[in-house]
Amino acid sequence: MTDKPSRRHTAAHHRLSVLKLAPDSLAFALDCAAQAVGAVRAGSALPAALQTVSASAKHAVARGAVQDIAYRAMRRLALADALLHKLVKKAPPPHVANVLVCAFTLLTDDEAHAAYAPFTVVDQAVSAIAARREFSFAKGLVNAVLRNFLRERDALIDEARTNPVARWNYPQWWIDAVKRGQPEAWERILEAGNAQGPLTLRVNARHASVDEYLARLADVHIDAEAVGLHAVRLKTPMPVERIPGFDEGVVSVQDAGAQRAAQLLDVKDGMRVLDACAAPGGKTGHILELANVELIALESDAERAGRIEQNLQRLKLDARITVGDAGDPAQWFDGAPFDRILADVPCSASGIVRRHPDIRWLRRASDIEALVAEQRRILSALWPLVAKGGELLYVTCSIFPEEGEDQARWFGAAHEDAVRLDAPGQLLPTAARASAGAVQDSPAGTNIADHDGFFYARFQKR
Ligand SMILES: C[S@@+](CC[C@H](N)C(=O)[O-])C[C@H]1O[C@@H](n2cnc3c(N)ncnc32)[C@H](O)[C@@H]1O
């Protein structure tokens, strides 16, 4: 985000006039997406912003279009802001600027991939502005700016992209951090974060093998491939309600990189296991699919803890869900040590930006230091709870070494009784299938290069 919104902008944003546009029109979708972009600029996470905005979009189709434009806008925000800056002399009101940003988002697609014809976008952006009483004065401006843009589209994009922030669509501090942390792969990583993640499923080992599930999909003509021990990637994403076996808990949605956690934890029947930062329970479910263990799912956020319950209900599996601070075991620990602890700690989420493209605009450089301290606090508190011979798996969905290898080294040095075991370390996100230089060990015949970014370190207690 190139400029930070003021409180005044946010307040104005909430006082928009009643909108009279057909809910299935592109104009309606542009207006709603612009509101969501405004909310993210004011500090809201995109899913929450969309929930608020979509209350007015009763149609599922309209909601889909709003979501699609808002997510694309997050991946193009700096480029769109740069174009706006170039083409508009005096900054327009924030809502008008955000409608323009959403329109640029659609107009900067290559023609082959464009969802709408350019002149439809211009026409509908003008209608969106005209439909708001307080902004209708700006419809001439919107029309002129977008037509001027189309006239010199490629040259304007090329010029804007000479600035790295507009080129990559991340804040400068983020670009610098990725460059510093991954000097060999930084461009590939930034690019991967601007692609749309695939829909990857985890097949519940209690119900089916990957091959059996692939056969079930083939029966209903759904194209998919194996991308890990329990992972299947659908060629074309679809709503979960339409995924065979989803309702019965045969499959769950989970990135292939995230599926490494439960496998690395190497759980066996009868073990006592702590999932220390558990919500929404993706990894909790996976652990329970692999062995009959006594599982405590700990989560500090009571509302999020409710989502663990929902997930386990669908899977028909059980854990003791506990609300508490992993960094303060006195609140919840009953004194019996754990054979395994999964510490999937809060982090920058820099490894999952392709699924959460708003994160880059919400985080600040200074957050990293605070997160590192919090991760250390949690790890230090959990280690004494591991049984002798037991293991702790440290996980982040981050690509910043400060939250990955640096933490693992700090932990090893600070705990004499910790033996570092084999683990993948840094899994880098890569968009291209089977891209060269992928860091992970793919099972023969499969390609799991197309996953989110994670860090894994495993420690055994002497
Ligand atoms: C990376 S997410 C966990 C994802 C989860 N393991 C999964 O696979 O679905 C981190 C979670 O830790 C929770 N959390 C943050 N600080 C915590 C703390 N001090 N104690 C326990 N949970 C915490 C957050 O609310 C968040 O739900």
Side-chain angles (χ1 to χ4, degrees), residues 45 47-48 197 200-202 204 228 230-231 251-265 267 273-290 295-315 317 319-333 338 340-353 355-356 359 362-363 367-368 370-383 385 392-400 403-404 407 427 429 451-457:
T200 306
L201 303 175
R202 180 186 80 234
N204 185 341
H230 306 120
V251 286
S252 302
V253 174
Q254 190 177 41
D255 180 74
Q259 294 190 31
R260 302 297 287 274
Q263 291 160 29
L264 285 162
L265 211 55
V267 284
V273 180
L274 173 67
D275 184 355
C277 297
K283 300 180 188 75
T284 318
H286 196 187
I287 293 168
L288 292 167
E289 288 168 8
L290 298 182
L295 182 62
I296 286 104
L298 182 71
E299 166 60 44
S300 60
D301 181 327
E303 209 177 305
R304 283 176 63 81
R307 294 183 54 201
I308 310 176
E309 178 75 50
Q310 285 165 14
N311 270 320
L312 293 186
Q313 267 175 12
R314 186 180 56 84
L315 295 171
L317 293 167
R320 194 178 331 142
I321 299 168
T322 305
V323 175
D325 174 6
D328 185 11
Q331 291 177 4
W332 48 267
F333 182 51
F338 294 99
R340 297 285 186 271
I341 293 184
L342 172 61
D344 188 12
V345 295
C347 72
S348 63
S350 53
I352 55 172
V353 275
R355 298 187 195 280
H356 302 280
I359 288 173
L362 295 167
R363 289 261 177 251
D367 294 345
I368 306 304
L371 285 163
V372 165
E374 178 62 356
Q375 291 154 5
R376 289 186 181 189
R377 184 183 75 90
I378 293 175
L379 283 176
S380 304
L382 293 177
W383 184 244
L385 281 45
L392 179 145
L393 180 66
Y394 172 71
V395 184
T396 65
C397 52
S398 170
I399 50 159
F400 298 145
E403 302 179 283
Q407 289 292 58
L427 290 187
H451 55 61
D452 293 340
F454 279 90
F455 179 82
Y456 287 107

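Side chains are part of it too, since the values below use all heavy atoms of this structure and drop only hydrogens, waters and symmetry mates. When a ligand or atom number is given, it counts from 1 through the structure's own listing order.
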For Arg320, which residues count as a salt bridge (Lys or Arg N to Asp or Glu O under 4.0 Å) partner, sequence neighbours excluded? Glu294
Would Asp275 count as a polar contact of ligand 1, with the cut-off being nitrogen or oxygen pairs under 3.5 Å? no
Shortest protein heavy-atom distance from atom 12 (O) of ligand 1, along with the residue and atom involved: Cys277 CB, 3.2 Å
Which of the numbered atoms in ligand 1 are under 4.0 angstrom from any heavy atom belonging to Ala326? 18 (C), 19 (N), 20 (N), 21 (C)
Can Gln375 and Thr396 be counted as having a side-chain donor-acceptor contact under 3.5 angstrom? no
Tell me whether ligand 1 is touched by Ala276 - counting only heavy atoms on the residue side and a distance under 4.0 Å. yes
Residues Asp452 and Asp255: closest non-hydrogen pair is N-OD2, 2.9 Å
Provide the number and element of each atom of ligand 1 under 4.0 Å from a heavy atom of Arg377. 19 (N)
Donor-acceptor under 3.5 Å (Arg340 side chain, Leu265 main chain): yes
Minimal non-hydrogen separation, Ala326 against Ala276, with atom names: CB-O, 3.7 Å
Ile378, any N or O under 3.5 Å of ligand 1 N or O: no
Can a donor-acceptor pair be found, under 3.5 Å and without considering hydrogens, that links the side chain of Tyr456 to the backbone of Ala261? yes
Applying a strict 4.0 Å limit to heavy atoms, is Gln254 in contact with ligand 1? no
Would you confirm whether Glu403, through its side chain, and Cys347, through its main-chain N or O, come within 3.5 Å as a donor-acceptor pair? no
for atom 6 (N) of ligand 1, nearest protein heavy atom and its distance come out as Asp344 OD2, 2.7 Å
Can you figure out which of Ala279, Ala261, Gly282, Ser252 has its heavy atom closest to atom 4 (C) of ligand 1? Ala279
May I ask you to decide if Ser252's main-chain N or O and Arg314's side chain share a donor-acceptor pair within less than 3.5 Å? no
For ligand 1, which atoms have a heavy atom of Ser300 less than 4.0 angstrom away? 14 (N), 15 (C), 16 (N), 17 (C), 18 (C), 20 (N), 21 (C), 22 (N), 23 (C)
Once you restrict to heavy atoms under 4.0 Å, what part of Ala278 touches ligand 1? Side chain, backbone, both or neither. backbone
Using a 4.0 Å cutoff against the non-hydrogen atoms of Glu374, which atoms of ligand 1 qualify? 19 (N)
Under 3.5 Å between some N or O of ligand 1 and some N or O of Val345? no
Under a heavy-atom criterion of less than 4.0 Å, does Cys397 contact ligand 1? no
Take the angle between the ring planes of Phe338 and Trp332 and call it parallel below 30°, perpendicular above 60°, tilted in between. tilted
Under the criterion side-chain contact (heavy atoms from CB on, under 4.5 Å), which of Leu288, Leu295, Thr322 is the partner of Asp275? Leu295
Arg307 CZ: over 12 foreign heavy atoms closer than 6.0 Å: no
How far is atom 25 (O) of ligand 1 from the closest protein heavy atom, and which atom is that? Glu299 OE2, 2.6 Å
If I apply the N/O under 3.5 Å rule, does Arg304 come out as touching ligand 1? yes
Please identify which atoms of ligand 1 are closer than 4.0 Å to at least one heavy atom of Gly324. 20 (N), 21 (C)
Check each atom of ligand 1 against the heavy atoms of Asp325 and keep those under 4.0 Å away; list them by number with element. 18 (C), 19 (N), 20 (N)
